[in-house]
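A note on names: the letters A, B, ... follow the listed sequences, proteins ahead of strands, and every chain is numbered from 1. Worth saying up front: this structure is predicted, and the values here are computed from it rather than measured.
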Amino acid sequence: MPELPEVETTRRGIEPHVVGRTVARVLVRNPRLRWRVPAKLVEELPGQTIRSVTRRGKYLLLAGDTGTAILHLGMSGSLRVVTATQPADPYDHVDIVLDSGDCLRLRDPRRFGALLWTRADPLCHKLLRGLGPEPLGADFSGDYLYGKLRGRKRAIRDALLDSRLVAGIGNIYANEALFAAGIRPTRRTGKITRAQYGRLADAIRATLKRALAAGGTTLRDFRNGRGEPGYFQLSLNVYGREDEPCRVCGTPIRAKRLGQRTAFYCPKCQK
DNA sequence: CTTTTGACCTGACAGC
DNA sequence: TGCTGTCAGGTCAAAA
């Protein structure tokens with residue numbers, strides 16, 4: 001479900017309720033996420049004060065006193081602040097109960113998400129250390145993309161989904177940014193010019209910022225930390241719009257299976 | 001090394 | 001109504 005804008009929206013939603021609070025207890029109803037929730041987290045997190053809630057790519061990092069919880073929402077995960085007494089749904093797998101009486105509740109029907117614990121620098125964790133630059137950070141640019149992808153043959157849509165190249169972009173925003181840049185998702189990365197990569201980097205940043213301003217995209221069940229949906233689905237130009245008219249030229253939007261995921265594009269606006 | 005494929009899970013939906 | 005097949009916001013690990 002969640003890409004960078006949804007994870008960042010979640011981060012902003014929970015941060016004021018979590019930072020400075022002390023963890024009273026951790027309740028794991030089902031530890032079987034993508035990886036088993038470590039017993040160490042249940043043992044060590046209670047009693048610790050949450051010092052910060054940060055994001056790297058699609059990962060959320062809750063820093064305590066002696067370690068950091070690493071959280072990923074996978075395809076169907078969501079994280080909400082609720083009153084600790086609120087009854088849990090069948091897919092509410094973990095509660096991090098705070099001294100305020102609130103609790104951070106992790107819901108994840110498909111269990112592709114993760115909740116891990118590290119005592120070391122989380123940015124050096126196996127899952128995070130190979131991540132590419134933040135697309136909204138200073139070290140992401142058209143020249144960066146050009147340098148990395150020049151001479152390669154992958155479809156550009158697939159390259160944008162590769163978190164080692166750039167962190168946080170998923171299928172929605174890869175397709176939307178490619179539309180904004182006028183590049184077909186199937187285009188081989190080696191056939192894109194330096195100037196086009198400049199436009200693509202700009203389009204990625206602009207698309208992510210607009211999605212953030214809209215509170216993310218809610219296709220099915222995304223909710224921010226307070227349970228409210230996002231609104232960027234109203235602004236989607238291609239994702240999920242097969243056979244609907246292009247908002248720019250009216251040509252029907254096409255869907256094409258690329259690997260395991262569907263790519264969407266306007267055959268007239270994107271070359 | 002680069003790129004593709006399979007696997008992990010459940011729910012929603014289309015079609016028969 | 002109920003069954004089957006397909007698809008979904010991710011990404012690691014293994015194969016090609």
Side-chain angles (χ1 to χ4, degrees), chain A residues 1-11 29-37 55-60 70-79 89-94 106-116 125-132 135 147-178 185-191 207-208 211-212 214-224 229-236 238-243 255-264:
Chain A
M1 142 179 82
E3 305 183 34
L4 187 154
E6 291 74 41
V7 176
E8 178 62 19
T9 296
T10 298
R11 191 197 69 75
R29 297 185 191 84
N30 184 354
R32 301 177 57 210
L33 301 182
R34 176 152 195 190
W35 297 281
R36 174 168 277 268
V37 176
R55 180 191 57 76
R56 175 78 174 96
K58 297 171 190 167
Y59 289 93
L60 284 173
I70 299 173
L71 216 150
H72 195 291
L73 298 176
M75 286 280 264
S76 59
S78 61
L79 195 59
D89 287 341
Y91 303 114
D92 291 339
H93 302 311
V94 180
L106 176 62
R107 176 187 164 87
D108 188 2
R110 291 178 75 182
R111 292 191 276 120
F112 285 175
L115 175 57
L116 300 170
H125 188 276
K126 186 185 174 190
L127 294 174
L128 280 82
R129 72 179 165 220
L131 292 177
K148 283 280 188 180
L149 299 177
R150 178 178 42 165
R152 308 265 187 85
K153 293 195 295 198
R154 258 196 309 184
I156 182 61
R157 199 289 312 265
D158 290 339
L160 294 180
L161 295 183
D162 184 347
S163 63
R164 291 166 310 178
L165 177 73
V166 54
I169 299 175
N171 203 28
I172 295 177
Y173 299 111
N175 280 285
E176 292 298 314
L178 285 165
T186 49
R187 181 124 223 154
R188 307 266 183 172
T189 62
K191 301 212 160 185
T207 301
L208 293 175
L212 269 170
T217 300
T218 297
L219 294 181
R220 293 173 187 78
D221 53 7
F222 170 70
R223 294 292 184 274
N224 67 20
Y231 293 97
F232 195 67
Q233 65 277 11
L234 302 174
S235 301
L236 295 176
V238 288
Y239 185 88
R241 299 193 63 243
E242 181 178 14
D243 296 335
K256 181 177 170 61
R257 202 80 177 154
L258 259 192
Q260 305 291 320
R261 348 271 313 255
T262 305
F264 298 90

Item to check | Under-4.0 Å side-chain N/O to phosphate OP1/OP2 contact, A/T262 with C/dC7 | outcome: no

Checklist entry - Any side-chain N or O of A/K58 under 4.0 Å from OP1/OP2 of C/dT11? => result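 For A/K58, the contact criterion (side-chain N or O under 4.0 Å from OP1 or OP2 of C/dT11) is met.
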
Atom pair distance, as rounded to whole Å: [atom1] in [X] and [atom2] in [N]:
X      : N      : atom1 : atom2 : value
A/L79  : C/dG9  : CG    : P     : 21 Å
A/D158 : B/dT4  : CG    : P     : 6 Å
A/R257 : B/dT5  : CZ    : C1'   : 13 Å
A/R154 : B/dT5  : CZ    : C1'   : 14 Å
A/L115 : C/dG10 : CG    : P     : 20 Å
A/L116 : C/dG10 : CG    : C1'   : 15 Å
A/Q260 : B/dC8  : CD    : C1'   : 13 Å
A/L219 : B/dA12 : CG    : C1'   : 13 Å

Checklist entry - For A/R110 and A/G151, take the nucleotide of DNA chain B holding the closest heavy atom to each; which residue's nucleotide lies nearer the 5' end? => result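 Its nearest nucleotide being more 5', the pick is A/G151.
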
Quote, to the nearest angstrom, the [atom1] distance that separates [N] from [M].
N      : M      : atom1 : result
B/dC1  : C/dT11 : P     : 22 Å
C/dG9  : B/dT3  : C1'   : 23 Å
C/dA14 : B/dC9  : P     : 16 Å

Under 4.0 Å, heavy atoms only, any strand: does [X] hit a base, just the sugar-phosphate, or nothing?
X      : answer
A/R152 : sugar-phosphate
A/K126 : sugar-phosphate
A/G259 : nothing
A/F232 : nothing

Item to check | Selection from C/dC12, C/dG10, B/dC9 that lies nearest to any side-chain heavy atom of A/R32 | outcome: B/dC9

Next on the checklist: Let's test your reading of the model: under 3.5 Å, does the base of B/dT10 pair with the side chain of A/R111 as donor and acceptor?
Outcome noted: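 Donor-acceptor pair under 3.5 Å: no.
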
Checklist entry - With distance as the sole criterion, do the side chain of A/R220 and the base of C/dG9 form a donor-acceptor contact below 3.5 Å? => result yes

Next on the checklist: Under a 3.5 Å cut-off for both contacts, is C/dG5 paired Watson-Crick or G-U wobble with anything, and if yes, with which nucleotide?
Outcome noted: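 Matched C/dG5 with B/dC13 under the 3.5 Å cut-off.
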
Any side-chain donor-acceptor pair under 3.5 Å between [X] and [Y]?
X      : Y      : answer
A/T217 : A/Y173 : yes
A/R152 : A/T189 : no
A/D108 : A/S76  : yes

Checklist entry - Sub-3.5 Å donor-acceptor pair from the side chain of A/R29 to the main-chain atoms of A/D92, do we have one? => result yes

Item to check | Flag, side chain of A/S78 to backbone of A/F222, donor-acceptor distance under 3.5 Å | outcome: no

Checklist entry - For A/F112 and C/dG10, is the gap between ring centres under 5.5 Å while the planes differ by less than 30°? => result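 Yes, A/F112 stacks on the base of C/dG10, since the ring centres sit under 5.5 Å apart and the planes are within 30°.
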
Checklist entry - How about A/R257: does its CZ atom have over 12 heavy atoms from other parts shown lying under 6.0 Å from it? => result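 Enclosed.
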
Next on the checklist: Which is more 5' along DNA chain C, the nucleotide nearest A/R164 or the one nearest A/F264? Just name the residue.
Outcome noted: A/F264

